[in-house]
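Input: a single structure, listed below in structure tokens.
Small disclaimer: the values here were computed from a predicted structure and weren't measured. Naming convention: chains lettered A, B, ... in sequence-line order (proteins, then strands); numbering from 1 in each chain.
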2 protein chains.
Amino acid sequence: MRTTVKDVAKAVGLSTTTVSLVLNNKPNRIPKATREIVLKAAKDLNYRPNHIAVSMVTKKTHTIGLILPDISNLYFSELAKVIEEQFHKYGYNVLYGNTNGTLEHDFEYLNLFIDRSVDAVIMTVSSNYSEKEIKSLHEIAEMNNVPIMMVDRTLDDPRFMSVLLDQKLGGYLATNYLIHLGHRKIACITGPKSLRISIERLEGYKSALQDAGLPFDPALIVEGDFRVDSGVQALPYILGQNATAVFSLNDMMAIGVYRECRRYHLSIPQDLSIVGFDDIFIDEFLEPPLSTIAQPVVEIGEYAVKKMMTVLEGEEDPSCADTMVFKPALKVRGSASKFMEKKQM
Amino acid sequence: MRTTVKDVAKAVGLSTTTVSLVLNNKPNRIPKATREIVLKAAKDLNYRPNHIAVSMVTKKTHTIGLILPDISNLYFSELAKVIEEQFHKYGYNVLYGNTNGTLEHDFEYLNLFIDRSVDAVIMTVSSNYSEKEIKSLHEIAEMNNVPIMMVDRTLDDPRFMSVLLDQKLGGYLATNYLIHLGHRKIACITGPKSLRISIERLEGYKSALQDAGLPFDPALIVEGDFRVDSGVQALPYILGQNATAVFSLNDMMAIGVYRECRRYHLSIPQDLSIVGFDDIFIDEFLEPPLSTIAQPVVEIGEYAVKKMMTVLEGEEDPSCADTMVFKPALKVRGSASKFMEKKQM
DNA sequence: TTGTAGGCGTTATCAA
DNA sequence: TTGATAACGCCTACAA
């Protein structure tokens with residue numbers, strides 16, 4: 001059995017109250033003498049507080065629920081790492097769950113974690129929710145009085161705190177870059193249309209075209225699913241449209257394009273320019289290194305934690321839910337080049 | 001406030017005992033009538049048990065501590081995902097911690113998780129431990145009566161359950177492959193010498209050379225740190241030794257070699273053959289696709305969980321700690337080819 | 001300055 | 001078949 005406050009109290013011949021007071025540094029100024037006696041005994045007996053019992057009475061578990069679509073995805077694993085490390089600094093531990101991008105799992109984990117009395121939840125929702133689902137989520141949060149923070153993807157509801165990326169700006173930056181390289185037929189491989197980030201990044205694409213006075217051609221848009229294979233499958237179509245450049249809404253699909261280009265004996269960027277999105281670590285090791293839109297993952301994670309801590313420490317009311325938007329940046333490497341008249345094939 | 005058993009009891013005019021009995025399906029056969037009344041009330045009141053309170057009395061938290069060196073590393077994030085998903089099936093949740101590969105953090109998280117009364121710990125140790133540290137770790141496990149399972153890396157101590165990869169076989173397979181392609185000067189980029197896996201993979205390398213009647217040349221060994229940069233830095237030295245092939249003890253360093261080869265205008269595999277270790281997802285998208293040694297991560301994770309579950313369900317005594325060893329497999333892609341006499345440079 | 005006692009929500013023991 | 005009651009380990013009003 002682990003030693004308890006009782007054991008310590010017995011050992012020093014004082015009450016559990018006194019021991020507890022000392023151990024928690026309570027301001028009931030306990031004289032230094034007793035204080036040290038207690039501390040010494042606690043140390044000698046190797047006393048470690050039982051968090052379960054503490055939670056029972058304080059109603060705080062110092063535990064955060066982290067709900068992510070897929071931790072084996074580079075972006076999320078990086079995010080998870082940052083979030084865990086930051087919370088760790090504050091003495092919080094992280095319980096995590098993979099939803100595999102399904103809405104039911106979002107709710108399942110949320111309820112599970114709430115049942116386990118987490119102090120807060122950080123989540124990336126699996127998809128866009130319907131009105132009803134948003135309402136349901138909000139009710140759960142309210143009823144259980146647990147603050148929820150949305151990271152990376154948010155819901156159309158201002159009542160949730162969220163920290164996001166300006167996805168539209170990212171789309172704009174990428175497209176604008178290609179336009180300025182002289183490209184006119186720029187294809188775009190999107191993510192699932194049900195995801196806000198797909199829509200927003202695409203909006204940036206459209207917006208850049210518009211600003212440049214270029215027409216938006218729906219034929220140049222291919223829907224993908226953010227996985228490598230989408231890129232592989234999209235290429236033939238893109239070539240058929242005589243596009244000279246591609247904006248892939250994430251790097252994984254861009255990698256698929258790379259691969260398929262090799263099969264077609266096309267070289268990047270001479271035959272096809274390409275810009276991705278995410279800036280996953282592998283980008284700089286591809287041949288040629290992939291130009292992409294970088295997200296400040298570390299800043300995003302750090303901000304999410306810091307913000308949540310202010311809420312947990314009661315300095316801020318979670319209902320004053322605001323949204324923080326981080327700016328992406330274009331990272332130029334070697335996968336896009338100036339448009340040249342295509343040699344006849 | 002959440003509804004409690006008390007609320008339910010009050011609502012149906014029965015005692016908390018009866019309610020608890022029903023809700024937990026206890027064999028004290030409560031008549032169907034009362035049973036249904038209770039169940040209905042619980043449902044109507046949206047009763048959810050308070051896990052904290054349950055843990056308080058049952059001494060089980062249904063929580064597992066997962067301690068990994070770096071969850072942003074592809075291998076570990078994949079492992080973490082499998083482990084979480086499997087435990088989830090059994091109704092367990094996972095608390096995770098990143099040690100950043102430092103021994104102090106191993107212990108810090110272990111103690112933290114034990115203080116939080118996890119039912120078990122799954123960990124990948126950060127490094128080789130000294131006798132003293134092993135003893136210390138074992139004492140902590142014993143004293144707190146928490147089963148610990150070592151995954152991927154283990155300690156020189158048969159008292160811990162572990163599930164490992166036959167690292168030596170992996171080293172053998174890779175080297176043997178290169179030998180059979182006709183290579184005689186095969187360089188090896190190792191990981192930190194303090195890590196068992198480095199040593200064991202290197203042993204496989206030596207063993208393959210020996211079986212082929214080839215001499216072991218220490219000059220062909222370069223110590224790396226498992227990061228991309230090590231590969232980058234190792235290449236010039238390797239070329240200086242006139243090696244025609246490289247066995248990189250992990251894929252990240254192999255990627256570094258790829259990159260540096262481009263700078264030197266060397267093509268793989270014509271100018272240099274290379275085999276990696278780990279089989280991270282990106283391998284097949286490199287140019288050329290990287291041949292490597294694949295670990296059955298999913299099987300490893302699943303086994304670890306299943307084994308731990310038998311211990312947790314009391315079917316097995318954790319002290320009968322055995323070790324499961326999985327076999328790696330050579331995955332041939334395009335980064336190694338038959339040795340050809342080098343053209344003069 | 002320190003101690004008593006009650007309570008957190010649940011399960012378990014034992015009696016009725 | 002059901003109900004008091006204690007117990008888990010800790011915190012904290014309130015009392016002394």
Side-chain angles (χ1 to χ4, degrees), chain A residues 1-39 41-42 45-63 91 114-119 143-145, chain B residues 1-39 41-42 45-63 91 114-119 143-145:
Chain A
M1 278 330 274
R2 285 227 307 245
T3 53
T4 71
V5 266
K6 248 184 195 161
D7 298 325
V8 178
K10 207 170 288 170
V12 297
L14 288 167
S15 75
T16 60
T17 310
T18 311
V19 174
S20 175
L21 254 29
V22 171
L23 262 25
N24 293 317
N25 273 314
K26 282 294 148 96
N28 288 37
R29 297 217 267 98
I30 305 274
K32 258 213 174 124
T34 30
R35 198 184 158 62
E36 273 162 12
I37 291 173
V38 172
L39 254 21
L45 295 172
N46 189 30
Y47 169 76
R48 322 278 298 281
N50 179 327
H51 282 228
I52 303 286
V54 175
S55 298
M56 185 89 219
V57 31
T58 61
K59 304 290 181 198
K60 296 265 164 274
T61 55
H62 286 254
T63 303
I114 285 178
D115 283 352
R116 284 169 179 271
S117 309
V118 294
D119 293 342
M143 262 188 36
N144 296 283
N145 195 31
Chain B
M1 273 333 274
R2 284 224 311 240
T3 53
T4 70
V5 267
K6 251 185 195 158
D7 299 325
V8 178
K10 208 170 287 169
V12 296
L14 288 168
S15 75
T16 59
T17 311
T18 311
V19 174
S20 176
L21 253 28
V22 171
L23 262 25
N24 292 316
N25 271 314
K26 282 294 150 90
N28 288 36
R29 295 215 268 98
I30 305 274
K32 260 212 173 125
T34 31
R35 202 184 154 61
E36 274 161 12
I37 293 173
V38 172
L39 254 21
L45 295 172
N46 189 29
Y47 170 75
R48 322 277 299 281
N50 178 327
H51 281 228
I52 302 286
V54 175
S55 297
M56 184 91 217
V57 31
T58 62
K59 306 287 180 198
K60 296 266 164 275
T61 54
H62 286 253
T63 303
I114 285 177
D115 283 352
R116 283 168 179 271
S117 309
V118 294
D119 293 341
M143 261 188 35
N144 297 282
N145 196 32

Distance in angstrom units between [X] [atom1] and [N] [atom2], rounded:
X: A/Leu23; N: D/dT12; atom1: CG; atom2: P; result: 13 Å
X: B/Lys60; N: D/dC8; atom1: NZ; atom2: P; result: 16 Å
X: A/Asn24; N: C/dT2; atom1: CG; atom2: P; result: 16 Å
X: A/Leu21; N: D/dA13; atom1: CG; atom2: P; result: 10 Å
X: A/Asn25; N: D/dC11; atom1: CG; atom2: P; result: 12 Å
X: B/Lys6; N: C/dC8; atom1: NZ; atom2: C1'; result: 9 Å
X: A/Asp115; N: C/dT10; atom1: CG; atom2: P; result: 11 Å
X: B/Asp7; N: C/dC8; atom1: CG; atom2: P; result: 11 Å

State which residues pass side chain to side chain donor-acceptor pair (under 3.5 Å) with [X]; sequence neighbours excluded, sorted by chain then number.
X: A/Thr61; result: A/Asp119
X: A/Ser55; result: none
X: A/Asn46; result: none
X: B/Arg2; result: none

Salt bridge (Lys or Arg N to Asp or Glu O under 4.0 Å) pairs touching residues 46-57 of chain B, sequence neighbours excluded, are A/Asp115-B/Arg48
Check the phosphate of [N] against [X], side-chain N and O only, distance under 4.0 Å to OP1 or OP2. Yes or no?
X: A/Thr18; N: C/dG3; answer: yes
X: B/Lys59; N: D/dG9; answer: yes
X: A/Thr4; N: D/dG9; answer: no
X: B/Thr34; N: D/dT2; answer: yes

With sequence neighbours excluded, tell me which residues meet side chain to side chain contact (heavy atoms under 4.5 Å, CB included) with [X].
X: B/Lys10; result: none
X: B/Ala41; result: B/Val8, B/Val12
X: A/Lys59; result: none

- request: Mind running side chain to side chain contact (heavy atoms under 4.5 Å, CB included) on B/Thr63 and B/Ser117 for me, showing each step along the way?
  value: CA-CA 8 Å; B/Thr63 303; B/Ser117 309; over 6 Å; no
Check: protein-nucleotides 5-7 of chain C nitrogen or oxygen pairs below 3.5 Å:
none

Modelled atom types, side-chain donor and acceptor of A/Thr17 and A/Ser20, under 3.5 Å
no
To the nearest 10 degrees, the angle between the two end axes of the helix from C/dT1-D/dA16 to C/dA16-D/dT1 (five pairs per end) comes to 40°
Taken in chain and number order and not counting sequence neighbours, the residues that satisfy ring pair (Phe, Tyr, Trp, His ring centres under 6.0 Å) with A/His51 are none
Picking from D/dC11, C/dT2, C/dT10, the nucleotide nearest the side-chain atoms of A/Leu14 would be C/dT2
Smallest heavy-atom separation, A/Tyr47 atom then A/Thr4 atom, equals CE1-C, 3.6 Å
At 4.0 Å (heavy atoms only), tell me whether A/Ser20 reaches a base, stays on the sugar-phosphate, or touches nothing. base
Numerically ordered, the residues 45-56 of chain A set in heavy-atom contact under 4.0 Å with DNA chain C is A/Met56
